[in-house]
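Each remark here refers to the structure printed beneath this line.
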Amino acid sequence: MDILLVGGGGREHSLAWKIAQSPQLTRLFCAPGNPGIGEIAATVEIADTDVEGLVKFATSNRVDLVVVGPEAPLAAGLADRLAEANIPCFGPSQAAAQLEASKGFVKDLCRDYNIPTAAYGRFTAPDEAVAFLDKMKAPFVIKADGLAAGKGVIIAETREEAEATIHDMLGGQFGGAGAEIVIEEFMEGEEASFFALTDGYSILPFIAAQDHKRAFDGDQGPNTGGMGAYSPAPVFTRAIEDRVMAEIIQPTVKAMQDKGAPYVGVLFAGLMITDDGPKLIEYNARFGDPECQVLMRRMKGDILPLLLAAATGDLKGTSVDWHDDACALIVLAAQGYPGKYEKGSRIKRVRDAAAMPGVEVFHAGTKLTDDGLVANGGRVLNITAMGPTGKDAIAKAYRAVDTIDWPEGFCRQDIGWRLLAREEV
Ligand code: AMP
Ligand code: GLY
């Protein structure tokens, strides 16, 4: 099979790494890819948002399957355009990608299908939004409806802050993404990310992972795309998984069928595990980054038949197995991230780290120059390690991090603290 993988971050490097192991693979292309992906795939200089360019490439190279990493091309209709060209696509149509692209759409769907989630209201008028605050108590959760690169959620501790946020968002802070807002009840609990493959009808549950969204130790500092991850997630017990499948994932897949927009690809549920059970925080129409990387490392067997089956309505009867070993991932980021940071600093000894037993290094924001490997983004490298316990995997990952010579980088020193605390008990 010839595959075109779309994207160029750590998530896509781990997907390329897994796909490259498939005995069914003939050629693997990746657009635009990155230097790490370039070692195992043919990288193609097409931006991941260049829908027409991607369709043209897939058509002229007669690829058998397109696997889409990020959400932007999906929201822009890449899967729809590929369907017109008769090329299977792992990733939802534009209509189905609304599960990520519109928070209000998901909240209404939850209401209509009795899916447990936070109580909410949708607003376009500031005075109505402010009046709704009377019905809620602090902290107030205020969200821009559309895609806002992970920055569209504000948890306001006070009424004043909540009102200011409403005016900022509806006043155009996020452009079109904030023309409508959702205000919701604050849910207490522990967060986990759960993933399931679906062809629109059948569902193949994957596993859960947890990430660390804040930039600094102790879950302090600004939100990021994720500073580390691990799997398994001890909070996500078998009983919780059964409830998530029955109460959240299955009704969602059914709802999308009813709406005439069956969801194809991976459904990523951001969940709050509360005292009343699991509740949906949000959906993403793609794998998580960095959660995907730990999933790929823990997955046994061939991923390619599963991706193809999901893309072609053939998922029924498939299964997947996972290594019992834990996987931990540390993000090495450029100093300053998620704020301002420099590009171009030299990174050394990545190969030495990657050669350590149980370790794989995935590239996220790197560039290969005549001088060697340099930083080219905020999140730059993902260091992953497997081990019989979470503690072992985490320790190994940090030893590999220490091997890498990059003074301009930083990482959190406490990735997996929840996991370690639970293993102690
Ligand atoms: P989202 O982009 O919807 O995942 O929100 C970003 C983060 O905000 C989530 O990962 C949670 O930590 C937090 N969050 C969002 N909605 C809620 C909620 N209703 N209650 C508590 N925390 C929330
Ligand atoms: N790590 C969270 C995300 O990919 O959205």
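Basis for what follows: all heavy atoms, side chains included, without hydrogens, waters or symmetry-related copies. Both ligands and their constituent atoms are indexed starting at 1 by order of listing.
Heavy atoms of Gly288 come nearer than 4.0 angstrom to ligand 2 in at least one pair. Ligand 2 is never approached by Arg11 to a heavy-atom distance shorter than 4.0 Å. Under a 4.0 Å heavy-atom criterion, Ala229 is not in contact with ligand 2. Ligand 2 has Phe268 within reach: a non-hydrogen atom of the residue lies less than 4.0 Å from it.
Closest heavy-atom approach to atom 23 (C) of ligand 1 within the set Leu271, Ile155, Thr117, Val153: this belongs to Ile155. The option with the heavy atom closest to atom 22 (N) of ligand 1, from among Met272, Lys279, Glu282, is Met272.
For ligand 1, the atoms sitting less than 4.0 Å from at least one non-hydrogen atom of Phe186 are 20 (N), 21 (C), 22 (N), numbered in the order shown with element in parentheses. Residue-ligand proximity, Lys213 to ligand 1, at heavy-atom distances under 4.0 Å covers atoms 10 (O). For ligand 1, the atoms sitting less than 4.0 Å from at least one non-hydrogen atom of Lys143 are 3 (O), 15 (C), 16 (N), numbered in the order shown with element in parentheses. Close approach of ligand 1 to Lys103 is summarised as follows: ligand atoms under 4.0 Å from at least one heavy atom of the residue are 2 (O), 3 (O). Each of the following atoms of ligand 2 lies closer than 4.0 Å to a heavy atom of Gly225: 1 (N), 2 (C). Using a 4.0 Å cut-off to heavy atoms of Glu184, the atoms of ligand 1 that qualify are 16 (N), 17 (C), 18 (C), 19 (N).
Nearest non-hydrogen protein atom to atom 5 (O) of ligand 2 is Arg286 NH2, 2.9 Å.
Relative ring orientation between His212 and Tyr230 is described as tilted, the plane-to-plane angle lying within the 30° to 60° band. By the 30° and 60° cut-offs, the orientation of the rings of His13 relative to Phe362 is perpendicular.
Residues Phe57 and Phe29 place their aromatic rings such that the two centres sit under 6.0 Å apart. Taking the six-membered ring for Trp, Phe287 and Phe268 have ring centres at least 6.0 Å apart.
With respect to Glu184, the salt bridge (Lys or Arg N to Asp or Glu O under 4.0 Å) criterion is satisfied by exactly one of Lys107, Lys135, Arg111: Lys107. Tested against Tyr120 for a side-chain contact (heavy atoms from CB on, under 4.5 Å), the candidates Val141, Val182, Ile183 yield a single pass: Val182. Applying salt bridge (Lys or Arg N to Asp or Glu O under 4.0 Å) to Asp219 and the options Lys213, Arg214, Arg412 leaves one that passes, Arg412.
Using a distance-only test at 3.5 Å, with no hydrogens or angles considered, a donor-acceptor pair links the side chain of Glu100 to the main chain of Ala285.
Under 4.0 Å from ligand 1, not a single heavy atom of Glu188 appears. Under 4.0 Å from ligand 1, heavy atoms of Met187 appear from its side chain as well as its backbone.
Some N or O of Asp211 is nearer than 3.5 Å to an N or O of ligand 2, by distance alone.
Salt bridge status for Lys279 with Glu191: absent, with no side-chain N to carboxylate O gap under 4.0 Å.
Here the closest non-hydrogen pair linking Val350 and Ile347 is CG2-CG2, 3.7 Å.
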